[in-house]
Amino acid sequence: MSNQHDERSIRIEKIKSIKESGINPYKDRCDTTHNLEKAGKLEPGTKDVELCGRLMLKRVFGKLIFASLKDFSGRLQIALNIKDMEQERFKFFQKMIDIGDFVYVKGEIFRTEKGELTLRVFDYKLLSKAINPLPEKFHGLIDLESRSRQRYLDLIMNTETQERFIKRIKILKVLRNFLDENGFLEVETPVLQAKPSGAMAKPFKTHHNSLDIDLFLRIAPETYLKRCIAGGFERVYEFARCFRNEGMDPSHIQEFTLLEFYCAYWNYRDNMLFTQKFIKHIIKEVNGSLEIEYKDKKIDFSSDWPEYTFRELIIEHTGIDLECCESKDDLLEEIKKRNIELEEVDVDKIGRGNLIDQLYKKVARPKMINPQFLIQHPIDLSPLARKNDDNPSVADRFQLVVNSWEIVNAYSELIDPVEQRERLVRQAEARKKGDEEAMIMEEDFIQCMEYGMPPISGWGMGIDRFIALLTNQENLREVVLFPLMRPDNSAENT
RNA sequence: GGGCCGUUAGCUCAGCUGGUAGAGCAGCAGACUCUUAAUCUGCGGGUCGAAGGUUCGAUCCCUUCACGGCUCACCA
């Protein structure tokens, strides 16, 4: 792989020769007077400007060199004129400083004949030498796999990548601020759990050596956050990194961030009102406008978001009235009558609630672009949610659907310990029958509930999806700095 | 997990019906004092993802494998 013509070897040779001349090519620090963005706003004629950054471009014209520096704030052109320094220094820059190296430069701001604001360099210093060449200056790094595996290159080469991650940070901050301002306290709950609960999902399994027990990575923070409420906290939230051992595709990653909050004495209706205020505030802060552009669509958050029950949506899209099909078999018959294909759904294994959910996902959800609330979920899909007082087959629950994605899932929490036990027992039975995603019986959580819990409404949001929505991305890997990828072993054998 | 597609120089990409590979950028040597993907001359750089198979001959056809992308299913 390496020979004398290989760029990497050439650069290593350069380092050797730099070191032999008594210069350390890896400095420990650097002072500057401006970052590059601020330097780019200085008046021509400003003297003694000290800058540093990574060299991104170098154009040599014999006795004049144009180059481009990049730092976190931006880019600025620099120019070296052979008249402005000892010839040896000029030659050194020409021969020994490569694209990708970090340099310090000192000089005066001026405007080139072509009008570009530029630093005229009188003095410079090599701060750190790179040995691998950067990707090509015009196309940069394009391939999603390379960009994900070598995110640092993606960040260097594609300014929109850096902007996207800065936007992610801002969104998290705005979410956090809003919750803080509304009296919520940020808490931290365990990632390693003996019984992964709070969602219907397959967990990652690991092992604790000294306790000699299997542990699981959390699939949701829900039951721990509710323990906090039982313990007297009234409003808590957590940005919870969660892990689900399921298939990967553009809208699912193994490790994702779930924001959950819990508020004592609220029901799901209170929470719907809050949600609308909350999300509108975030979008306004981050985006400036309540109408966002997403791919070829416009998504409008500005109006009052409509709410639909499962029943209404399914009547609208299929003509089937859930109230007229009390049993799963009745519903199945109606589905068949209308030639609606639920391909690959194993209708024998799933219950009525799940069948309704599948039907909704097939016929209604793909058409739900603008924000809307979905309410009255089948109770057997919501083992931790409160049963509706008027209709015991549905839960006091809502989802916010945007762009066919379930962005928010929230409900009035079930706080009746006897009923909670029964519901979890039923889940445990389903689990025994082979439903890997049925919820786990968590005795400790029920015991907590038996000591008494106030009325609670809980709320959860898939942060990565929300960010993808606000950054116009279709693949969640674009909004996670270092998404999980299968290790690439080919490079390790060299 | 299934289906479809992809993997060629450091990067971005060509490569015809099978005759063992090209360009641009980057690099090296040289010219050049205003470039904006600078230009000009010359040069070097490849296990064509991997392993088998068919063939006189494979980047190309076949099989298997690896990695990825899209998609279906599960899910947020």
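Each chain gets a letter, A, B and so on, in the order the sequences are listed, and its residues count up from 1. Fair warning: this is a prediction, and the values are worked out from it, not measured in the lab. Computed over heavy atoms, backbone and side chain alike; hydrogens, waters and symmetry mates excluded.
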SB check [X] [Y] (cutoff 4.0 Å):
{"X": "Arg120(A)", "Y": "Asp84(A)", "value": "yes"}
{"X": "Asp154(A)", "Y": "Arg147(A)", "value": "yes"}
{"X": "Arg11(A)", "Y": "Glu7(A)", "value": "yes"}

Of the listed nucleotides ([options]), which one gets closest to any side-chain atom of [X]?
{"X": "Met485(A)", "options": "G10(B), C34(B), G68(B)", "value": "G68(B)"}
{"X": "Leu64(A)", "options": "G10(B), U33(B), U36(B)", "value": "U33(B)"}
{"X": "Leu144(A)", "options": "G69(B), U33(B), C34(B)", "value": "G69(B)"}
{"X": "Ile99(A)", "options": "U36(B), U33(B), G27(B)", "value": "G27(B)"}
{"X": "Thr112(A)", "options": "A26(B), C32(B), C34(B)", "value": "C34(B)"}
{"X": "Asp98(A)", "options": "A26(B), C28(B), U12(B)", "value": "C28(B)"}
{"X": "Glu7(A)", "options": "C11(B), G27(B), G68(B)", "value": "G27(B)"}
{"X": "Phe61(A)", "options": "C67(B), U33(B), U12(B)", "value": "U33(B)"}
{"X": "Ile10(A)", "options": "U12(B), G27(B), G68(B)", "value": "G27(B)"}
{"X": "Pro250(A)", "options": "U33(B), C74(B), C70(B)", "value": "C70(B)"}

side-chain N/O [X] vs [N] OP1/OP2, d < 4.0 Å:
{"X": "Arg477(A)", "N": "G69(B)", "value": "yes"}
{"X": "Lys14(A)", "N": "C28(B)", "value": "yes"}
{"X": "Arg486(A)", "N": "A66(B)", "value": "no"}
{"X": "Lys361(A)", "N": "A73(B)", "value": "no"}
{"X": "Gln150(A)", "N": "C11(B)", "value": "no"}
{"X": "Asn475(A)", "N": "C70(B)", "value": "yes"}
{"X": "Lys362(A)", "N": "C74(B)", "value": "no"}

Could you give the [atom1]-to-[atom2] distance, from [X] to [N], as a whole number of Å?
{"X": "Leu119(A)", "N": "U36(B)", "atom1": "CG", "atom2": "C1'", "answer": "17 Å"}
{"X": "Asp154(A)", "N": "G68(B)", "atom1": "CG", "atom2": "C1'", "answer": "16 Å"}
{"X": "Phe138(A)", "N": "A23(B)", "atom1": "CZ", "atom2": "P", "answer": "20 Å"}
{"X": "Arg8(A)", "N": "C11(B)", "atom1": "CZ", "atom2": "C1'", "answer": "17 Å"}
{"X": "Leu57(A)", "N": "A37(B)", "atom1": "CG", "atom2": "P", "answer": "9 Å"}
{"X": "Arg149(A)", "N": "G49(B)", "atom1": "CZ", "atom2": "C1'", "answer": "12 Å"}
{"X": "Met248(A)", "N": "G2(B)", "atom1": "CE", "atom2": "P", "answer": "16 Å"}
{"X": "His139(A)", "N": "A14(B)", "atom1": "NE2", "atom2": "P", "answer": "11 Å"}

Taking a pair as Watson-Crick or G-U wobble with both distances under 3.5 Å, which nucleotide is matched to [N]?
{"N": "C61(B)", "result": "G53(B)"}
{"N": "G6(B)", "result": "C67(B)"}
{"N": "A21(B)", "result": "none"}
{"N": "U47(B)", "result": "none"}
{"N": "C74(B)", "result": "none"}
{"N": "C40(B)", "result": "G30(B)"}

Flag if over 12 foreign heavy atoms under 6.0 Å of NZ, Lys295(A): yes
Is it true that atom CZ of Phe110(A) has more than 12 heavy atoms of other residues, nucleotides or ligands lying nearer than 6.0 Å? yes
Using atom [atom1] of each nucleotide, how far apart are [N] and [M] to the nearest Å?
{"N": "C60(B)", "M": "C16(B)", "atom1": "P", "result": "11 Å"}
{"N": "U8(B)", "M": "U54(B)", "atom1": "C1'", "result": "23 Å"}
{"N": "C62(B)", "M": "A37(B)", "atom1": "P", "result": "42 Å"}
{"N": "G57(B)", "M": "U20(B)", "atom1": "C1'", "result": "9 Å"}
{"N": "G53(B)", "M": "G46(B)", "atom1": "C1'", "result": "24 Å"}
{"N": "G30(B)", "M": "G68(B)", "atom1": "P", "result": "44 Å"}
{"N": "C70(B)", "M": "G10(B)", "atom1": "P", "result": "25 Å"}
{"N": "U47(B)", "M": "A66(B)", "atom1": "C1'", "result": "16 Å"}

Check every strand shown and say whether [X] touches a base, only sugar-phosphate, or nothing at a heavy-atom separation below 4.0 Å.
{"X": "Lys202(A)", "value": "nothing"}
{"X": "Asn81(A)", "value": "base"}
{"X": "Ile82(A)", "value": "base"}
{"X": "Gly460(A)", "value": "nothing"}
{"X": "Ile463(A)", "value": "nothing"}
{"X": "Lys58(A)", "value": "nothing"}
{"X": "Gly462(A)", "value": "nothing"}

Establish whether the base of C11(B) is bridged to the side chain of Asp143(A) by a donor-acceptor pair shorter than 3.5 Å. no
Using the ring-ring contact (aromatic ring centres under 6.0 Å, His included) rule, take Tyr268(A) and Phe274(A) through it: C-alpha gap first, then chi angles, then the decisive distance, then the call. CA-CA 10 Å; Tyr268(A) 79 109; Phe274(A) 182 78; over 10 Å; no
Rounded to the nearest 0.5 angstrom, the CZ-CG distance for Phe261(A) and Leu175(A) is 10.5 Å
Kindly compute the distance separating OH (Tyr360(A)) from NE2 (His377(A)), expressed to the nearest 0.5 Å. 6.5 Å
Which is more 5' along RNA chain B, the nucleotide nearest Leu141(A) or the one nearest Glu246(A)? Just name the residue. Leu141(A)
Let me know which of Phe278(A), Tyr237(A), Phe398(A), Tyr262(A) forms a ring-ring contact (aromatic ring centres under 6.0 Å, His included) with Trp459(A). Phe278(A)
Between Phe373(A) and Tyr308(A), is the ring centre distance below 6.0 Å? no
